[in-house]
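Just so it is clear, the values below take in all heavy atoms, side chains as well, and ignore hydrogens, waters and symmetry mates.
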Amino acid sequence: VTTAAVFADASFYLALMRADDALHPTAATEAEIDRPVITTEFILLELGNACSRAPDHDDFLTLVEGMRARPLPDFDSNFRVSIYEPTVLF
């Protein structure tokens, strides 16, 4: 049975990273489900900004490494995520 891909925004990742977040239990449960997770460069930017304090740097880098380790879901080639294929903006 193939599970449909889901979209994850910055609030999901922040809740997953922060045990004191009210949504942490839900995020942790959802993260255990083996299915493709889709996000955008803008979500990663927002997440990076939210983790800009020095104590959060390692958590952010660990999260991005985990994203890189997961296989890229099969979806429209016009929808790219920078951790897999960098995009030149200018």
Side-chain angles (χ1 to χ4, degrees):
V1 175
T2 302
T3 306
V6 294
F7 181 81
D9 64 4
S11 63
F12 166 76
Y13 290 114
L14 289 171
L16 187 60
M17 291 170 42
R18 297 180 174 157
D20 62 340
D21 189 296
L23 293 175
H24 177 77
T26 302
T29 299
E30 291 295 319
E32 291 296 318
I33 300 171
D34 185 23
R35 61 182 167 202
V37 178
I38 299 171
T39 196
T40 68
E41 294 170 347
F42 300 108
I43 298 301
L44 293 176
L45 179 65
E46 184 179 12
L47 186 59
N49 185 56
C51 296
S52 63
R53 295 178 322 132
D56 295 330
H57 290 179
D58 287 342
D59 290 338
F60 175 74
L61 294 175
T62 299
L63 181 68
V64 171
E65 286 303 315
M67 290 175 170
R68 286 181 174 157
R70 293 182 66 112
L72 182 63
D74 183 22
F75 53 83
D76 185 342
S77 63
N78 292 321
F79 186 78
R80 301 245 187 251
V81 180
S82 65
I83 62 171
Y84 295 102
E85 185 173 313
T87 302
V88 177
L89 298 177
F90 300 99

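Here the straight-line distance linking atom CZ of Phe42 with atom CG of Asp9 works out to 15.0 Å at 0.5 Å rounding. The line from CZ of Phe12 to CE of Met17 is 11.5 Å long, rounded to the nearest 0.5 Å. Annotation: the span from Thr39 atom OG1 to Tyr13 atom OH amounts to 4.5 Å, rounded to 0.5 Å. The distance from atom NE2 of His57 to atom OG1 of Thr62, rounded to the nearest 0.5 Å, is 12.5 Å. Separating the CG atom in Leu61 from the CD atom in Glu65 is a distance of 7.5 Å, to the nearest 0.5 Å.
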Below 3.5 Å, can you tabulate the donor-acceptor pairs from side chains in residues 44-54 to any protein atom, sequence neighbours excluded?
from  : atom 1 : to    : atom 2 : distance (Å)
Ser52 : OG     : Asn49 : O      : 2.9
Arg53 : NE     : Asp56 : OD2    : 3.4
Arg53 : NH2    : Asp56 : OD2    : 3.4

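The two residues Ala31 and Leu16 make their nearest non-hydrogen contact at CB-CD1, 3.7 Å.
For Thr26, there are no side-chain hydrogen bond (donor to acceptor under 3.5 Å, both in side chains) partners at least two apart in sequence or on another chain.
Residues Val37 and Leu23 do not share a hydrophobic cluster, defined by chaining ILVMFWY side chains whose heavy atoms lie under 4.5 Å apart.
A heavy-atom distance below 4.5 Å is found between the side chains of Phe7 and Thr40.
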